[in-house]
Amino acid sequence: MTKGGSSGLDRREFLRTGAAGLAAGAVSGCGTPVAGQEAQPGGREAPSGTAAVPGELGAPPAQPLSAPPIERVRIGYVGVGGMGTAHVRNLVRIDGCVITAVCDIREEHAERAAGLIEEAGHPRPALYTAGETDFERLCAEEDLDLVYNATPWRWHVPICVAAMENGKHAATEVPAAYTLDGCWELVETAERTSRHCTMMENVNYGRAELLCLNLVRQGLLGEILHAECGYLHDLRGIKFADDGEGLWRRDHSWTRNGNLYPTHGLGPVANCMNINRGDRFAHLVSMSSPSRGLQEWAVANYPEGHPKRAETFALGDVNGSLIQTAMGKTIYVAHDTNLPRPYDRINKVQGTRGIFQGYPDRVYIEGRSESHRWDEAEGYYEEFEHPLWRALREASIGAGHGGMDFMEDYRLVKCLREGLPLDMNVYDAAALSAVCELSEISVANGSAPVEFPDFTRGKWREWAPWQIVGA
């Protein structure tokens with residue numbers, strides 16, 4: 001029996017067979033899903049197409065966790081390759097925190113991070129470099145407030161769980177998990193230990209994304225009914241590289257077929273649509289195109305006989321998933337990382353009075369814009385710039401991804417120091433990350449509808465929307 005699973009039946013297999021049965025029921029006119037079916041207080045009821053989970057959890061908290069304030073946040077950082085090093089560079093210049101321990105399987109990476117920490121005037125951190133699971137020793141032995149990780153995806157859940165089990169808050173790069181078991185394990189552990197577990201979705205802090213959120217909160221777009229988003233990024237060279245993400249990211253394309261990386265696009269539009277705070281993801285359908293891009297790239301870039309030319313891939317080059325919320329709103333989420341294309345996250349938010357559309361950033365507001373003509377978003381910043389960007393734009397210059405990385409790190413430290421709920425909590429991390437396996441299940445079963453677990457167990461009706469936070 002897997003943790004949180006069904007006795008005698010692996011939950012992943014249960015999900016697949018459950019979705020297949022759902023598809024068969026839809027064809028025969030029976031067994032169709034009930035959108036928005038909710039869990040009963042004190043337990044988790046399984047809607048059609050998803051696995052039953054035992055009701056060992058009590059009721060979720062009345063409000064998202066607010067832990068006691070921490071005067072100086074002591075951080076252990078696990079995984080200091082490219083992204084981890086970028087976060088270290090941010091954290092050493094944010095007041096009120098210090099990195100006191102660093103863990104990486106490559107000693108030279110840990111030493112590089114230690115050098116950055118010392119150059120910033122902080123004491124040399126303790127280094128943990130004794131293999132893949134040395135983070136367990138860091139979590140158990142170090143006196144820390146937060147364990148932050150930027151590791152390959154398979155380590156996100158184990159590191160966060162080890163941190164929380166040892167009394168530390170946890171923060172992870174995206175996605176927080178890529179199985180439903182992993183999502184539930186994060187929720188269960190966070191509730192049991194009363195520790196924060198947050199997913200560091202940097203795009204939530206993008207300048208255009210926060211401008212859009214501010215327009216939504218000011219009511220300029222009216223009621224939000226629909227959004228479109230995605231992760232459209234040519235990663236062929238990165239996936240086949242002999243270092244960095246090439247050492248692990250391509251592996252997921254061998255056997256998985258769905259949306260492997262939903263959160264960059266989905267996080268900001270979920271905030272605009274009050275997901276987990278007035279609404280929730282209810283069900284999803286997903287389909288994938290054929291797989292061609294990685295195979296053709298390997299043939300074009302490696303000589304005959306090279307082992308990479310013989311690899312085969314399950315991942316469809318383009319995946320499209322459609323989500324309906326409990327309140328009937330709709331969201332389209334795309335994943336496209338194996339084909340030649342410029343970068344794009346779509347970032348469309350449609351309301352009853354107007355629309356925000358990314359790439360390029362533009363706005364149309366009925367009664368304000370010229371009829372049937374877009375306004376450039378640039379013209380809205382003077383009046384509607386998000387206060388976080390207004391306050392931190394100068395400080396974020398030079399930080400990764402146009403400054404959004406600095407802002408997410410700044411907000412994490414600020415919330416921990418002031419005892420505030422985090423901008424993204426464990427329920428948000430689970431709901432966004434659940435798209436990974438749910439999309440795989442739907443694709444594997446002929447695009448059958450699959451229902452989302454309600455990780456909040458009904459509390460989404462009571463929790464207040466994310467507000468316009470400042471610095």
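What's counted below: heavy atoms across the whole structure, side chains too, no hydrogens, waters or symmetry copies.
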Donor-acceptor pair, side chain of Arg411 and main chain of Gly470, under 3.5 angstrom: yes
Point-to-point distance, once rounded to the nearest 0.5 Å, from CZ of Arg74 to CG of Leu144: 7.0 Å
Met200 CE to Asn149 CG distance, which is reported to the nearest 0.5 Å: 11.0 Å
Heavy-atom side-chain proximity of Leu422 to Leu416 below 4.5 angstrom: yes
Closest non-hydrogen atom pair between Trp389 and Gly206, with its separation: NE1-C, 3.5 Å
Arg106 (side chain) donor-acceptor with Gly81 (main chain) under 3.5 angstrom: no
Pair Asn274, Asp279: side-chain N/O donor-acceptor within cut-off below 3.5 Å: no
Whether Phe313 and Phe240 hold their rings parallel, tilted or perpendicular, with breakpoints at 30° and 60°: perpendicular
Aromatic ring pairing His196/His169, orientation class (parallel under 30°, perpendicular over 60°, tilted between): tilted
Close side-chain approach of Asn347 to Cys229, heavy-atom, < 4.5 Å: no
Audit row: Arg277, Asp428, salt bridge (charged side-chain N to carboxylate O under 4.0 Å, His left out) steps and yes/no: CA-CA 10 Å; Arg277 296 164 176 82; Asp428 305 318; 2.8 Å; yes
Summary of side-chain hydrogen bond (donor to acceptor under 3.5 Å, both in side chains) pairs that have at least one residue in residues 204-213, sequence neighbours excluded: Tyr205-Asp423, Arg207-Glu385, Glu209-Arg345
Test item: Ser433 side-chain N/O and Ala176 main-chain N/O as donor-acceptor pair under 3.5 Å: yes
Aromatic ring pairing Trp463/Tyr427, orientation class (parallel under 30°, perpendicular over 60°, tilted between): tilted
Any donor-acceptor pair under 3.5 Å from His386 side chain to Ile468 backbone: no
Chi angles and distances behind the side chain to side chain contact (heavy atoms under 4.5 Å, CB included) call for Val435, Leu438: CA-CA 5 Å; Val435 172; Leu438 290 175; 5.8 Å; no
Any Thr330 side-chain heavy atom under 4.5 Å of Leu225 side chain: no
Side-chain touch Trp466/Leu213, heavy atoms, less than 4.5 angstrom: yes
Closest non-hydrogen atom pair, Ser66 against Leu420: OG-C, 4.2 Å
Heavy-atom neighbours of Arg89 CZ exceed 12 at 6.0 Å: no
Any side-chain donor near an acceptor of the partner, Ser286 and Asn319, under 3.5 Å: yes
Trace of the salt bridge (charged side-chain N to carboxylate O under 4.0 Å, His left out) decision for Glu188 with Arg192: CA-CA 6 Å; Glu188 292 168 355; Arg192 177 166 45 79; over 6 Å; no
Working for side chain to side chain contact (heavy atoms under 4.5 Å, CB included), residues Glu201 and His264: CA-CA 7 Å; Glu201 181 39 76; His264 281 340; 2.8 Å; yes
Where Leu315 and Gly258 come nearest, the two heavy atoms and their spacing: CD1-O, 3.5 Å
Aromatic centroids of Tyr178 and His252 separated by under 6.0 Å: yes
With Val174, the side chain to side chain contact (heavy atoms under 4.5 Å, CB included) member among Val203, Asn202, Thr263: Thr263
Side-chain donor-acceptor pair present, Ser321, Asn259, cut-off under 3.5 Å: no
Parallel, tilted or perpendicular, as decided by the 30° and 60° cut-offs, for the rings of Trp248 and Trp153: perpendicular
Over 12 foreign heavy atoms within 6.0 Å of CD, Glu71: no
Nearest atoms (heavy-atom pairs only) where Trp254 meets Glu311: NE1-OE1, 3.2 Å
Close side-chain approach of Leu215 and Val349, heavy atoms under 4.5 Å: no
Close side-chain approach of Leu266 to Tyr231, heavy-atom, < 4.5 Å: no
Main-chain N/O of Glu142 paired with Lys168 side-chain donor or acceptor, under 3.5 Å: yes
Thr456 side chain to Arg280 side chain, donor-acceptor N/O pair below 3.5 angstrom: no
For Val318, side-chain contact (heavy atoms from CB on, under 4.5 Å) partners two or more places apart: Ser289, Asp336, Leu339
Sole residue of Val333, Ile331, Leu284, Val285 in side chain to side chain contact (heavy atoms under 4.5 Å, CB included) with Leu322: Val285
Donor-acceptor pair, side chain of Gln467 and main chain of Val469, under 3.5 angstrom: no
Donor-acceptor contact below 3.5 Å, side chain Ser442 vs main chain Ala448: yes
Intermediate values then yes/no, salt bridge (charged side-chain N to carboxylate O under 4.0 Å, His left out), Glu191 and Arg457: CA-CA 12 Å; Glu191 289 186 353; Arg457 283 102 73 208; 2.8 Å; yes
Donor-acceptor pair, side chain of Asn276 and main chain of Trp460, under 3.5 angstrom: no
Main-chain N/O of Pro262 paired to His335 side chain as donor or acceptor, under 3.5 Å: no
Minimal non-hydrogen separation, Glu107 against Thr129, with atom names: CA-CG2, 3.9 Å
Residue pair Leu432 / Ala270: nearest heavy atoms and the distance that separates them: CD2-CB, 4.2 Å
Spacing of CD1 belonging to Ile159 relative to CD belonging to Glu173, to within rounding of 0.5 Å: 11.5 Å
Pair Phe452-Ile323, side chain to side chain contact (heavy atoms under 4.5 Å, CB included): steps then yes or no: CA-CA 9 Å; Phe452 278 81; Ile323 299 171; 4.1 Å; yes
Pairwise distance CZ(Arg195) to SG(Cys160) - rounded to 0.5 angstrom: 14.0 Å
Worked check of side chain to side chain contact (heavy atoms under 4.5 Å, CB included) between Tyr410 and Leu392: CA-CA 9 Å; Tyr410 175 92; Leu392 294 178; 3.6 Å; yes
Stepwise salt bridge (charged side-chain N to carboxylate O under 4.0 Å, His left out) test for Lys459 and Glu462: CA-CA 5 Å; Lys459 287 296 183 181; Glu462 303 170 20; 3.2 Å; yes
Main-chain N/O of Ile75 paired with Tyr148 side-chain donor or acceptor, under 3.5 Å: no
Non-hydrogen side-chain atoms of Glu437 and Asp181 separated by less than 4.5 Å: no
Flag side-chain contact, heavy atom, 4.5 Å: Leu412 against Glu408: no
Over 12 foreign heavy atoms within 6.0 Å of CZ, Arg393: no
